[in-house]
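Written below as structure tokens is the structure these notes are about.
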Amino acid sequence: MVTMATSSSFFLFLLLLSCFVISHSSSASPALVAKLHSFVETLHQELAPSTVQESAAKGVLRRLIPSHVSSFDLRIVSKDDCGGKSCFQIKNHPLAGKAGNPEISITGTTGVEVCAGLHWYLKYWCGAHVSWEKT
């Protein structure tokens with residue numbers, strides 16, 4: 001049985017996939033591309049508040065590596081901090097090295113971007129493999 005949330009999420013996924021394909025097609029009309037961009041911006045405005053997204057990203061960190069939660073500072077930033085695009089940034093925390101302060105600062109335009117930054121850091125900087133089985 002498919003629940004309403006699942007079916008609406010699947011529909012949204014298909015819609016966004018269609019938007020991507022159409023917007024990257026050489027035969028797509030400029031008017032259609034503009035409408036698609038407007039639609040995506042409307043979806044972006046309906047995101048959960050940054051405090052909710054930040055809390056969710058911190059929850060991911062707590063579940064993945066609970067012994068190192070205090071080593072990270074995860075924050076949501078505006079798209080202006082990323083040149084108007086979605087992104088994540090990884091930096092040494094400004095107060096790193098002082099007792100009780102986090103070592104790594106990961107910022108992103110959404111909670112998903114922050115989690116992508118955490119994954120990138122663990123995979124490419126730490127050489128860790130993160131999977132559904134936490135291995």
>> For a quick test of reading the model, state the closest non-hydrogen atom pair linking Gly111 to Gln53 and the distance between them.
In response: N-OE1, 2.7 Å
> Just how far is it from atom CZ of Arg75 to atom NZ of Lys58, taken to the nearest 0.5 Å?
Replying inline: 6.0 Å
> Does the side chain of Asp81 come within less than 4.5 Å of Thr107's, by heavy atoms?
Replying inline: no
> Do you know the tightest heavy-atom contact between Ile76 and Val114?
Replying inline: CD1-CG2, 3.8 Å
> Is the closest side-chain heavy-atom distance between Ile65 and Phe72 below 4.5 Å?
Replying inline: yes
> Applying the 4.5 Å side-chain criterion to the ILVMFWY set and letting contacts propagate, would Val77 and Phe88 be lumped into a single cluster?
Replying inline: no
> With Pro102, which of Asp73, Leu95, Asn92 fulfils side-chain contact (heavy atoms from CB on, under 4.5 Å)?
Replying inline: Asp73
> Which heavy atom of Glu113 sits nearest a heavy atom of Gly108, and at what distance?
Replying inline: CB-CA, 4.1 Å
> Looking only at heavy atoms, which two atoms of Val52 and Ala48 are closest? And how far apart?
Replying inline: CG1-CB, 4.0 Å
>> Quick check: do Lys79 and Ser86 have side-chain heavy atoms less than 4.5 Å from each other?
In response: yes
>> Let me confirm one number: the CD1-CG distance from Ile106 to Leu122, rounded to the nearest 0.5 Å.
In response: 7.0 Å
>> Could you tell me if the side chain of Leu74 sits less than 4.5 Å from the side chain of Val60, heavy atoms only?
In response: no
>> Please verify the inter-ring angle class for Trp120 with Tyr124; under 30° counts as parallel, over 60° as perpendicular, anything in between as tilted.
In response: tilted
